[in-house]
There are 2 protein chains.
Amino acid sequence: MTTEAPDLHADPRRAALLDAAASLFFERGYAATSIDAIIERAGGSKRTIYAMFGSKEGLFEALIRENTERMFSAELFGGQARPLEAALSGFAVHLLDLFTRPRTIALFRLVVAEAGRMPELAESFHRLGPLRGRHWLARVLERAQTEGEIRVADPQLLAGQFLGLVRSDAYFEIVLGLRGPLEPGEIESMAEAAVSTFLEGQRPARRVNAPDEEI
Amino acid sequence: MTTEAPDLHADPRRAALLDAAASLFFERGYAATSIDAIIERAGGSKRTIYAMFGSKEGLFEALIRENTERMFSAELFGGQARPLEAALSGFAVHLLDLFTRPRTIALFRLVVAEAGRMPELAESFHRLGPLRGRHWLARVLERAQTEGEIRVADPQLLAGQFLGLVRSDAYFEIVLGLRGPLEPGEIESMAEAAVSTFLEGQRPARRVNAPDEEI
DNA sequence: CGTCTATGGTAATAGGTATTACCAAGTCAA
DNA sequence: TTGACTTGGTAATACCTATTACCATAGACG
């Protein structure tokens with residue numbers, strides 16, 4: 001009883017139930033996963049689930065929220081902010097690494113699948129997860145503007161552009177299960193390519209100097 | 001018996017079943033939709049469904065395939081290819097319009113939800129839908145390279161970058177149900193912004209001429 | 001006219017579902 | 001020891017599920 005968290009953490013029963021439920025929801029989806037199956041994997045009694053989470057949907061919501069918070073932990077979005085090129089590269093690598101992990105993909109699929117029927121769930125996933133990254137990025141872009149490295153009309157819109165550019169089409173394909181998670185080398189080259197296009201564009205005739213161009 | 005298509009088209013029973021099934025799957029998801037509910041909405045008998053599609057999954061696959069083909073009809077990806085800027089703008093507008101429609105979003109959610117359990121379904125959705133757009137775009141970029149408008153190392157990768165840039169973060173948010181479909185004005189300004197960043201980049205210090213810059 | 005096939009309607013099969021109830025066993029503090 | 005509580009285990013409730021079987025009708029085709 002030294003410094004006890006109010007609700008979560010350090011309840012092994014609760015953690016076991018959430019773990020079993022997460023792996024089942026991840027592999028079978030929400031509707032196809034039964035409370036019986038969760039109990040069969042975690043042990044214990046259904047009463048415990050209903051006492052702790054109220055309903056199947058309550059269990060699902062708690063699970064999505066806590067997994068989102070754990071996966072998108074704050075350290076990922078706190079790197080150096082200067083110089084801009086390095087900040088963007090580092091952010092892009094973190095983003096690709098995090099977003100393309102199998103567990104992150106499974107979580108995203110689950111949220112997308114139920115987004116039409118559980119709008120608050122999708123909202124909380126976005127707020128606790130991806131939105132934090134976009135806000136951090138927008139702040140970086142705003143600071144770069146005050147230092148004259150870039151001219152920004154709308155930092156949020158520009159941050160959204162950069163996010164899309166980094167994910168490119170590869171994220172789309174991974175979400176669809178058409179390719180497995182990315183190799184570290186792929187992540188780095190995709191991040192470099194995204195930063196380059198974002199800053200310099202693809203029309204070389206208008207570039208003054210193109211530093212590392214192959215002949 | 002003049003020019004009869006081999007399997008689909010012009011079978012009103014089949015069309016009614018697929019229509020009812022589509023709207024139910026779209027609003028409830030795959031697992032939560034029952035054959036009984038489909039029959040209740042479309043009329044007829046369950047035997048007919050099993051005679052025509054073999055199983056619930058067969059019905060689902062046929063429905064996804066045919067809806068994908070219809071929504072991503074070829075005309076959308078056949079516009080003018082020159083000048084490059086106009087081609088990219090037109091493509092971006094079409095892409096945003098198509099991808100953010102409620103029916104396209106519902107279809108995508110369904111495919112993503114089952115991508116882990118029905119990989120061939122996701123593959124066929126991608127091949128019959130989004131992939132066609134990327135191939136068209138890659139060809140446009142390749143042609144622009146031969147005309148000297150752009151320098152392209154890997155047309156497919158660059159096409160993927162452009163697709164991500166156009167979708168930006170807005171598509172992500174629409175898929176999550178956080179904002180409704182885009183207004184035509186939004187679509188056009190997002191498309192313009194994407195083309196500009198793609199071609200010119202965001203570092204004005206290195207640009208030689210920036211045509212329409214506000215003071 | 002008689003088949004043949006496709007369909008609608010109903011019911012059977014063989015389960016599975018979320019949720020609540022009930023009861024025995026354990027846990028903890030006073 | 002007493003009481004308050006949280007659990008595990010089992011069973012009941014009141015359905016819903018995909019799939020197959022059966023039968024009567026209806027239209028098509030020779």
Side-chain angles (χ1 to χ4, degrees), chain A residues 1-2 4-64 110 113-114 117-118 120-121, chain B residues 1-2 4-64 110 113-114 117-118 120-121:
Chain A
M1 300 173 194
T2 50
E4 201 186 16
D7 48 356
L8 45 109
H9 296 326
D11 184 341
R13 203 78 38 184
R14 187 185 155 99
L17 285 170
L18 284 173
D19 268 20
S23 60
L24 283 168
F25 282 134
F26 284 170
E27 77 185 36
R28 302 184 191 179
Y30 175 74
T33 299
S34 70
I35 304 279
D36 283 325
I38 295 169
I39 286 303
E40 197 177 358
R41 183 167 301 196
S45 157
K46 290 193 249 187
R47 277 306 297 237
T48 313
I49 285 185
Y50 284 94
M52 288 207 260
F53 304 102
S55 67
K56 183 184 177 183
E57 195 170 322
L59 167 63
F60 186 67
E61 279 166 9
L63 178 169
I64 295 290
L110 226 34
E114 307 304 325
R117 285 160 310 265
M118 307 183 195
E120 347 71 42
L121 180 95
Chain B
M1 298 179 194
T2 50
E4 200 186 13
D7 47 358
L8 45 110
H9 296 324
D11 184 342
R13 203 77 38 181
R14 187 185 155 98
L17 284 170
L18 284 174
D19 268 20
S23 61
L24 283 168
F25 282 133
F26 284 171
E27 78 185 36
R28 301 184 191 180
Y30 175 73
T33 299
S34 70
I35 303 279
D36 282 325
I38 295 169
I39 286 303
E40 197 177 356
R41 184 167 301 195
S45 157
K46 290 194 247 186
R47 278 304 302 230
T48 312
I49 285 185
Y50 284 93
M52 287 207 260
F53 303 102
S55 67
K56 184 183 177 184
E57 195 171 320
L59 167 63
F60 186 65
E61 279 166 9
L63 177 170
I64 296 289
L110 225 34
E114 306 304 327
R117 283 155 318 260
M118 307 183 194
E120 347 71 42
L121 180 96

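Chain identifiers are assigned alphabetically (A, B, ...) following the order of the sequence lines, protein sequences preceding nucleic acid strands; residue numbering begins at 1 within each chain. The figures that follow rest on heavy atoms only: side chains count, while hydrogens, waters and symmetry mates do not.
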Item checked: Separation of C:dG9 P from B:E40 CD (nearest whole Å) -> 12 Å
Item checked: Atom pair distance, as rounded to whole Å: CE in B:M52 and P in C:dT5 -> 18 Å
Notebook entry, point to check: Under 4.0 Å: is that the gap between some side-chain N or O of A:T48 and OP1 or OP2 of D:dT6?
Noted result: no
Item checked: A:F53 and A:E61, any side-chain heavy atoms less than 4.5 Å apart -> no
Next item on the list: Give, for atom CE of B:M118 and atom CD of B:E57, the distance between the pair rounded to the nearest 0.5 Å.
Entry: 4.0 Å
Margin query: Would you say CZ of A:R117 has more than 12 non-hydrogen atoms from neighbouring residues, nucleotides or ligands within 6.0 angstrom?
Written below: yes
Next item on the list: Write down the atom of A:L110, the atom of A:F26, and the distance for their closest heavy-atom approach.
Entry: CD2-CD2, 3.4 Å
Checklist line | Length of the CZ-P vector between A:R13 and C:dT27, whole Å | finding: 10 Å
Please list, pair by pair, any protein nitrogen or oxygen found under 3.5 Å from a nitrogen or oxygen in nucleotides 18-21 of chain D.
residue, atom, partner, partner atom, Å
D:dA18, OP1, B:T33, O, 3.4
D:dA18, OP1, B:K56, NZ, 3.1
D:dA18, OP2, B:I35, N, 3.1
D:dT19, OP2, B:Y50, OH, 2.8
D:dT19, OP2, B:K56, N, 3.0
D:dT19, O5', B:Y50, OH, 3.4
D:dT19, O4, B:K46, NZ, 2.9

Check: For DNA chain C, which residues in residues 22-29 of chain B have a heavy atom at a distance below 4.0 Å?
Finding: none
Next item on the list: Using atom CD1 of B:I39 as one end and atom C1' of C:dT10 as the other, report the distance to the nearest whole Å.
Entry: 13 Å
Next item on the list: Identify the heavy atoms of A:L59 and A:A21 that sit nearest to each other, and give their distance.
Entry: CD2-CB, 4.0 Å
Checklist line | Nearest-nucleotide 5' precedence on DNA chain C, B:G43 against A:A37 | finding: B:G43
Item checked: Nearest-Å distance for atom pair CD1/P, residues A:I38 and D:dG8 -> 14 Å
Check: What is the ring orientation for B:Y30 with B:F60, classed by angle as parallel under 30°, tilted 30 to 60°, or perpendicular over 60°?
Finding: tilted
Distance-only check: which donor-acceptor pairs under 3.5 Å involve side-chain atoms of residues 33-42 of chain B, not counting sequence neighbours?
residue, atom, partner, partner atom, Å
B:T33, OG1, B:L24, O, 3.3
B:T33, OG1, B:G29, O, 2.7
B:S34, OG, B:A37, N, 3.0
B:D36, OD1, B:K46, NZ, 2.9
B:R41, NH1, B:S23, OG, 3.2

